[in-house]
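We count ligands from 1, going down the list as the structure has it; atoms in each ligand are counted the same way. Residue numbers run from 1 in the order of the sequence given.
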Amino acid sequence: MALVVQKYGGTSVANPERIKAVAEKVVGRRRKGDDLVVVLSARAGETDRLIALAHEVSLSPDAREMDVLLATGEQTTVALFSMAVRNLGVEAISMTGYQAGINTDRSYGQARISGIETRPIMEKLHEGRIVVVAGFQGYDDEGNITTLGRGGSDTTAVALAAALGADVCEIYTDVEGVFTADPNVYSKARKLDRISYEEMFEMASMGAKVLHLRSVEFGMKYHVPIMVLSSFTDAPGTLVTKEDEEMEKVVVSGITYNKNEGRITITNVPDQPGMAARVFRPISDAGINVDLIVQSGAGIPGRADISFTVPKTAHKKAMEIVEAVAREIDAGPVHGNASIAKISIIGLGMRNHSGVAAKMFDSLARENINLKMISTSEIKISCIIEEKYAELAVRVLHDAFELETAPHGRIEVQEET
Ligand code: ADP
Ligand code: ASP
Ligand code: MG
């Protein structure tokens with residue numbers, strides 16, 4: 001008998017029929033003897049609907065009240081689901097984040113789980129019940145309701161699996177697992193049988209929304225085996241797990257893109273110590289996260305251009321801040337571009353193969369896709385390109401690195417000596 005945490009996403013519980021179908025699936029599993037904690041998202045579209053509703057009554061809704069509102073999406077599904085399970089003759093009990101002991105910090109809208117009191121769930125499991133937990137929500141030290149950021153139900157599930165010492169965390173979604181690229185963007189994308197935490201972490205942070213980034217962090221830190229599966233088919237899914245030698249041979253495992261950033265360039269910055277700090281300090285003070293940064297020589301001697309990217313939602317604010325700084329430090333004009341995309345290739349094998357970046361740049365150049373910025377890490381290469389080319393770039397790179405056929409990553413790049 002195993003202890004299993006399962007999570008079902010919004011499309012899996014979108015309406016009463018689907019809720020009943022998932023309930024049958026879960027009850028079938030329970031009857032085989034497993035103990036089950038089921039984490040649910042809000043119905044598909046519900047969180048968006050609630051956000052829109054808030055904006056109808058307020059231009060800038062209060063962050064605390066927003067979380068109280070958004071948490072209702074998941075509260076609805078856990079109640080309905082528990083009713084459906086009971087209807088099938090099996091004991092179930094729903095729990096909100098508070099009732100499930102999910103403690104977080106107070107960053108409304110993007111709270112981080114700080115601890116989980118497992119006793120309430122354990123007690124209900126010992127009574128033989130299926131425990132149904134509202135995903136995406138927790139409570140802070142003063143009892144305020146908090147939410148974990150969009151897609152956060154994955155994190156609820158993996159964090160619970162870690163805290164409860166579950167044998168596996170199963171994430172059920174609307175695709176059959178983790179693919180070499182978003183299968184809804186490129187039909188040739190291939191499902192991976194396994195992927196390392198590290199690659200999955202990079203893919204999630206570079207735009208593959210199939211798993212919430214922090215869920216991968218929890219999985220990696222507490223060694224939780226994560227299975228990503230379809231709630232609509234019985235296909236085997238993808239296991240997210242520790243890396244091994246086999247995985248290291250794969251040069252490129254996946255390709256992602258992210259259209260959620262905007263670029264800012266401040267031109268003709270005096271090339272003196274302390275200038276970068278002058279530019280970035282007020283941005284960080286405003287709570288804006290900067291991603292890629294590139295500094296290059298400007299046309300004028302003694303001056304430099306600094307380009308960087310920020311989340312699109314903060315682009316306008318960051319532009320205003322940087323324009324003010326530019327005046328203060330006597331820099332040149334500031335240019336902004338919110339129509340960019342970051343395209344990334346990810347793979348453990350990049351650690352010991354050379355020529356991967358060149359192949360990426362060549363392939364994009366052949367399609368006349370211009371690279372505006374480049375950044376690399378040990379197992380990832382990212383390029384900023386024009387937003388309209390994002391999907392094309394995914395297809396081009398997928399073909400170039402032959403990801404359609406397993407074993408993928410079999411490309412003509414040299415093994416480093
Ligand atoms: P859920 O509502 O179940 O949490 P999400 O919409 O958050 O589902 O995540 C699943 C979606 O992630 C898929 O429909 C797919 O479009 C997208 N996706 C992006 N990149 C990938 C990838 N590499 N593999 C699988 N799915 C991906
Ligand atoms: N309902 C939340 C969202 O739509 C959380 C989730 O689905 O994981 O972002
Ligand atoms: Mg999701």
Between [X] and [Y] (side chain of the first, backbone of the second, donor and acceptor by atom type, cut-off under 3.5 Å), is there such a pair?
X: S94; Y: A79; value: no
X: T233; Y: S230; value: no
X: T155; Y: S215; value: yes
X: N260; Y: P311; value: no

Salt bridge between D141 and R106, side-chain N to carboxylate O under 4.0 Å? no
Do NZ/NE/NH1/NH2 and the carboxylate oxygens of K209 and D182 come within less than 4.0 Å?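 Salt bridge: no.
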Can the ring centres of Y172 and F232 be said to be less than 6.0 Å apart?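 Centroid distance Y172-F232: not below 6.0 Å, so no.
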Residue shell around ligand 1, heavy atom under 4.0 angstrom: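 For ligand 1, the contacting residues are K7, G9, G10, T173, D174, V175, G177, V178, F179, A181, D182, P183, N184, M203, A208, K209, V210.
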Pairs of nitrogen or oxygen atoms, one from ligand 2 and one from the protein, closer than 3.5 Å: please tabulate them with distances.
unit_1, atom_1, unit_2, atom_2, d
ligand 2, 1 (N), T47, OG1, 2.8
ligand 2, 1 (N), E74, OE2, 2.7
ligand 2, 4 (O), T47, OG1, 3.3
ligand 2, 4 (O), R150, NH2, 3.0
ligand 2, 7 (O), S41, OG, 3.0
ligand 2, 8 (O), G151, O, 3.4
ligand 2, 8 (O), G152, N, 3.4
ligand 2, 8 (O), S153, N, 3.0
ligand 2, 8 (O), S153, OG, 3.1
ligand 2, 9 (O), R150, NE, 2.7
ligand 2, 9 (O), G151, N, 2.9

Closest heavy-atom pair, V39 versus G135, reported as atoms and distance to 0.1 Å, is CG1-CA, 3.6 Å
Just by distance, with hydrogens left out, do T180 and H398 show a side-chain donor and acceptor under 3.5 Å apart?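 Per modelled atom types, T180 and H398 side chains form a pair under 3.5 Å.
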